[in-house]
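What follows is a set of notes on a single structure, which appears directly below.
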Number of protein chains: 2
Amino acid sequence: MADVAEEAHVSVKTVSRVVNREPGVRRDTELRVRGVIDRIGFMRHDGARILRQGRTQTIALVVEDLANPFYSQIGAAVEREARIRQHQLITASAEGSPTRERVVLEGLINRRVDGLVVVPAGERPATDPTVSASGTPIVYVDRPVRGEPCDTVISDNAGGVRSAVEHLVAHGHRRIAFLGDNAEFWTARQRREAFVSIHDALGLPGDTRVVMGPHSSEDLVERLGAWARERTPVTAVITGNNRVTLAALHAMRQVGVQMGLVGYDDFELADLIEPSVTVVHQDPTSIGQKAVLQLFARLLGDESPAQTVVMPTRLIVRESGRLLSSLPPRKAKP
Amino acid sequence: MADVAEEAHVSVKTVSRVVNREPGVRRDTELRVRGVIDRIGFMRHDGARILRQGRTQTIALVVEDLANPFYSQIGAAVEREARIRQHQLITASAEGSPTRERVVLEGLINRRVDGLVVVPAGERPATDPTVSASGTPIVYVDRPVRGEPCDTVISDNAGGVRSAVEHLVAHGHRRIAFLGDNAEFWTARQRREAFVSIHDALGLPGDTRVVMGPHSSEDLVERLGAWARERTPVTAVITGNNRVTLAALHAMRQVGVQMGLVGYDDFELADLIEPSVTVVHQDPTSIGQKAVLQLFARLLGDESPAQTVVMPTRLIVRESGRLLSSLPPRKAKP
DNA sequence: TTGTAGGCGTTATCAA
DNA sequence: TTGATAACGCCTACAA
């Protein structure tokens with residue numbers, strides 16, 4: 001900037017004014033300065049600007065695995081919303097490790113990101129001293145953290161599971177089992193509990209059949225086989241997330257059993273499998289958007305108490321929720 | 001840092017030394033300083049450090065759509081490699097628009113990112129004045145740019161298509177058609193050209209049947225129907241990327257025709273569809289890794305001429321490449 | 001309309 | 001082993 005100033009025979013301040021389109025520069029001065037800027041290819045150093053202004057115009061997103069479609073969709077939404085608001089997005093992965101998450105968060109705080117959107121790895125208390133001391137606004141997504149209330153965006157796990165069970169029941173299923181993911185995950189436990197309580201509330205017969213992950217391929221095959229061979233067989237399963245849905249589909253294919261199925265999380269091609277798979281859809285795009293909205297409210301000075309937003313889920317009805325006997329025989333159409 | 005210095009009765013420089021683990025600080029001094037740091041919760045301001053040192057320890061990834069699994073997998077790989085090297089990753093989406101891409105790139109240059117990994121939106125000459133003037137190392141991914149040679153990582157489009165055609169031919173297919181994506185995309189054109197030349201080289205009968213996107217659902221249904229009704233019907237299609245594969249699968253389902261199929265890009269569940277889908281797999285993780293490797297070589301001073309790396313593809317053989325008549329009738333197993 | 005001085009928080013240099 | 005001082009490039013405040 002100093003170079004430009006010298007070349008254009010003005011002070012740095014004037015150059016600064018031109019660069020930032022501040023008013024109060026004579027037209028011809030501005031043109032002269034712009035000319036020099038273009039000629040020598042000057043580009044403002046945002047680092048210095050940031051240092052002076054205290055705002056980095058940057059937010060960060062911390063997730064478990066950027067390649068997981070659920071998170072990458074959240075990421076895409078967060079990036080878009082950030083870009084609209086002239087902010088850049090740093091993405092970081094903690095790979096599910098609370099330790100690594102702490103390191104990552106410290107790094108981001110050191111960079112003075114303006115705000116954080118975090119899918120918390122563990123359920124450590126929200127009062128991570130590093131973060132809270134920095135005063136950086138933070139919005140948790142997908143799962144809450146323990147301790148004092150924090151801004152959080154989660155999806156309606158209980159509602160989602162309820163819609164799944166009710167759908168199956170409406171189609172005549174009575175013996176319904178639940179295949180959850182690893183019970184270490186909050187969402188997995190939430191969905192399990194929802195399943196159990198709805199199962200009981202509806203007075204469905206028999207014990208509640210619940211198995212949590214991680215599911216090896218063999219376990220799953222054996223389990224499904226056993227359920228299918230019971231005296232009054234299980235006729236439908238609900239799977240706790242996309243990972244489990246895929247595993248269950250593979251296992252069913254392998255065992256050769258055909259059960260009713262409602263999966264948690266929509267997935268590409270759910271409609272091309274036979275029978276097409278009915279799912280509980282949670283919309284990652286809306287979740288990401290909502291989180292950014294919340295975050296920027298804080299950045300703009302919103303001081304209201306921490307808020308937990310529960311995003312609704314939507315049941316996408318396809319064929320797999322029907323009772324097996326009601327399915328048309330395959331290749332019905334000539 | 002000044003606060004810490006005062007509190008610990010040392011100079012800022014000593015604090016700096018402690019924070020950066022520089023040698024030459026007496027043990028007890030260090031302990032005293034660390035004590036103060038912990039007590040008052042000091043955190044280094046990386047913005048200032050960056051300003052002073054000139055390195056941001058940040059690289060950026062610019063893609064078209066972060067939600068596209070192909071790019072998000074690249075993103076995950078790039079982030080991991082960056083993290084390993086103590087760098088942070090800014091992700092940005094240009095949404096396929098060259099104009100927006102330019103704005104995005106300028107923003108990143110202003111931030112003085114150390115390096116760029118870019119999936120170029122247009123095919124504008126590589127010598128984007130903004131970027132090249134800044135001297136920021138840049139690696140292009142997935143498609144090259146025109147103009148003087150640049151570091152580029154692409155996948156072996158011709159090889160992938162060849163493996164697809166050869167596989168189909170080996171299974172007895174002779175009338176093979178190609179459904180490409182929008183010919184505006186470089187990769188789409190590459191694959192089309194590869195198809196045409198291999199089709200000719202193998203002396204396959206008839207004109208080469210090639211249709212490029214975008215494909216509306218209706219067009220596709222009509223097209224497939226027409227191919228199937230020809231006097232000597234098309235028995236197999238090759239699809240130019242995952243988008244087209246999905247569209248083609250839907251269309252086939254809708255028309256009720258069953259053709260041989262080899263898709264470009266692997267996708268989840270390719271093995272659960274019936275028949276399971278044979279695909280040409282390009283490994284986004286390796287592509288991302290390779291790009292970062294290349295980038296950091298430049299960052300470390302590698303001055304060798306620009307290099308284009310062609311990553312191999314792999315044919316994942318499933319069922320859909322077989323000749324229709326050789327497929328076992330459905331429900332063969334009781 | 002333009003310019004000057006000072007400081008943001010850190011590190012490099014050089015001196016003690 | 002430690003410290004004083006000057007940058008890094010920009011913006012704020014104030015003055016001319």
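Reckoned from all heavy atoms, side chains included, excluding hydrogens, waters and symmetry mates. Numbers restart at 1 for each chain; the letters A, B, ... are given by sequence-line order, proteins then strands. Here the structure is a predicted model, which means the values were calculated and not measured.
Dashed line: the shortest gap from a side-chain N or O of A/Ser16 to OP1 or OP2 of D/dC10 is not under 4.0 Å. Between A/Thr14 and C/dT1 there is no side-chain polar atom (N or O) within less than 4.0 angstrom of OP1 or OP2. Contact annotation: B/Ser11 side-chain N/O to D/dA4 OP1/OP2 distance is not under 4.0 Å. Dashed line: the shortest gap from a side-chain N or O of A/Gln53 to OP1 or OP2 of D/dT12 is under 4.0 Å. Phosphate contact (OP1/OP2 of C/dT1, side-chain N/O of A/Arg26, threshold under 4.0 Å): absent.
Among C/dT2, C/dT10, D/dG9, the nucleotide with an atom closest to any side-chain atom of A/Thr29 is C/dT2.
Salt-bridge formation is not detected for the pair B/Arg44/A/Glu106: no Lys NZ or Arg NE/NH1/NH2 atom is positioned less than 4.0 Å from an Asp or Glu carboxylate oxygen. In summary, B/Glu81 and B/Arg85 engage in a salt bridge, as defined by a charged side-chain N under 4.0 Å from a carboxylate O. Between A/Arg189 and A/Glu184 no salt bridge is recorded (no basic side-chain N to carboxylate O distance below 4.0 Å).
In the model, B/Asp265 has no side-chain atom that pairs as donor or acceptor with a side-chain atom of B/Asn241 under 3.5 Å.
The backbone N or O of B/Ala8 lies less than 3.5 Å from a partner atom in the side chain of B/Arg32, making a donor-acceptor pair.
To the nearest angstrom, C1' of D/dC11 lies 14 Å from CD of A/Gln57. Note: CD1 (A/Ile50) to C1' (C/dT10) measures 15 Å, nearest angstrom. Counting to the nearest Å, the P atom of C/dT10 and the NE2 atom of A/His45 are 16 Å from each other. Taking atom CZ of residue A/Arg17 and atom P of nucleotide C/dG3, one finds them 8 Å apart after rounding to whole Å. Straight-line distance from the CD atom of A/Glu30 to the P atom of C/dT2: 10 Å, rounded to whole Å. Residue A/Leu31 contributes atom CG, which lies 14 Å from atom P of C/dT1 at whole-angstrom precision. As rounded to whole Å, 15 Å separates atom C1' of C/dT10 from atom CE of B/Met43. Rounding to whole angstrom units, CG of residue A/Asp3 and P of D/dC10 are separated by 9 Å.
Taking the nucleotide of DNA chain C with the nearest heavy atom to each of B/Gly47 and B/Glu22, the more 5' of the two is matched to B/Gly47. Looking at which nucleotide of DNA chain D each of B/Lys13 and B/Ala48 is closest to, the 5′-most match is held by B/Lys13.
B/Met1 comes within 4.0 angstrom of a base, heavy atoms only. Within 4.0 Å (heavy atoms only), A/Asn20 reaches sugar-phosphate atoms of the nucleic acid but no base atom.
Taking only distance into account, the side chain of B/Arg52 never meets the base of C/dA12 through a donor-acceptor pair shorter than 3.5 Å.
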